[in-house]
Amino acid sequence: MARQQAKDLYKELGVPRDADASTIKQAYRKLAQQYHPDRNADDAKAEERFKQISAAYTVLSDEKRRRDYDEFGEIAIDPNFDADKARRAGPGFGGGFGQGFGGGGFGGGGDFSEAQGGGFGNIFEDLFGGGQGGHTPRAQKGADLETTLDLDFAEAVRGCEKRVDLDRPQPNGSHKRETLTIRIPSGVDDGGRIRLAGKGGAGAQGGPAGDLMATVRVRPHRYLKRTHRDLGMEVPITVVEAIRGAKIEVPTLEGAVTLSVPAGSNGGSRLRLKGKGVPAGGGREAGDLYVTLRIQVPGVLGEEQAQRLEELLPDDGDHLRRDALS
């Protein structure tokens, strides 16, 4: 029977095995944006790819889990696998185990049946906490679970609480329905992940429960854009407001504020509203809101109106372009 090909989490993210944490994070964010379900509506393949990417990042972004995966391969992803016991089992499990397990062998070439005195069955029962063959039942950690949290733009920026219904696996194979309240910190990014320790599947034989990993999906805002902790938006103003200056009302996530437009403002000018971006949190200062002015030109003018405008505003476009482009 053909052996199933082992997963390569590094290939899932498109990074080399020696990639640093920053490279792994950047690769995950890029792929998560590409295959985000909100951008691929009704595309089951994209959604499945998004889940695979998220699962790979869960392991490779965790220093200990990545180290175990590098050493033992896909088998180390199993929440019941005990890496420390595998290392104590002998050099056959340590040297190249991860490479050999997926490719048809166990690496170091040791005789496991002789070394362990009972064949592969006893070895794997020990490594996975099995209680067969007269062994004392061992504590097993529960399975880690995954869920997705859909947030509005404002909820992600300001932080919020979300309730999720979860079916938590039990040691006897049943599931326990629970409703959890998850606190979302202010400023969480699209594709960000929140770990809830002990909220995964229940442990067996007194073992600890697994963890719950929640992936955040943020719906785009109609006019606000985010760059790190700063927000940005474009606001239209009239030609008169640009020339004379004005005080205009600008919407923010905390309510409308008054913004002063300096006289003689050009289209594309950026004005800053300090502290009106992502709120402070986690030892970081609040971001700012940057308003980009867009001058709204009136429609077609009548002949008389056009003549009056030319008298007030001489046609010196050629002069302006020479100064700017020469």
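In this chain, residues are counted from 1 in sequence order.
Under the 4.5 Å side-chain criterion, counting only non-hydrogen atoms from C-beta, R219 is not in contact with L151. Counting only heavy atoms from C-beta outward, the side chains of R168 and Q170 approach each other to under 4.5 Å.
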Verify salt bridge (Lys or Arg N to Asp or Glu O under 4.0 Å) between R65 and D144, making sure each step is shown before the conclusion. CA-CA 13 Å; R65 297 185 70 183; D144 291 339; 3.6 Å; yes
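Here the CE atom belonging to M213 is positioned 9.5 Å from the OG atom belonging to S54, to the nearest 0.5 angstrom. Interatomic distance, OH of Y223 versus NE2 of H221, reported as 4.5 Å (0.5 Å rounding).
With D43 contributing its side chain and K45 its backbone, the two residues share a donor-acceptor pair below 3.5 Å. Put simply, the side chain of E241 gets close to the backbone of T238: a donor and an acceptor are under 3.5 Å apart.
Under the ring pair (Phe, Tyr, Trp, His ring centres under 6.0 Å) rule, Y28 has a single partner from Y10, Y57, Y35, F50, which is Y57. A salt bridge (charged side-chain N to carboxylate O under 4.0 Å, His left out) with E146 is found for exactly one of R195, R193, K51, namely R193.
Under 3.5 Å, the side chains of S260 and K247 contain a donor-acceptor pair of N or O atoms. For T23 and D20, the side-chain atoms include at least one donor-acceptor pair closer than 3.5 Å.
L293 and I295 end up in the same hydrophobic cluster when Ile, Leu, Val, Met, Phe, Trp and Tyr side chains are linked at under 4.5 Å.
Note on E254 versus R158: no salt bridge recorded, every NZ/NE/NH1/NH2 to OD/OE distance being 4.0 Å or above. We find that D62 and R66 are not joined by a salt bridge, their nearest charged nitrogen and carboxylate oxygen being 4.0 Å or further apart.
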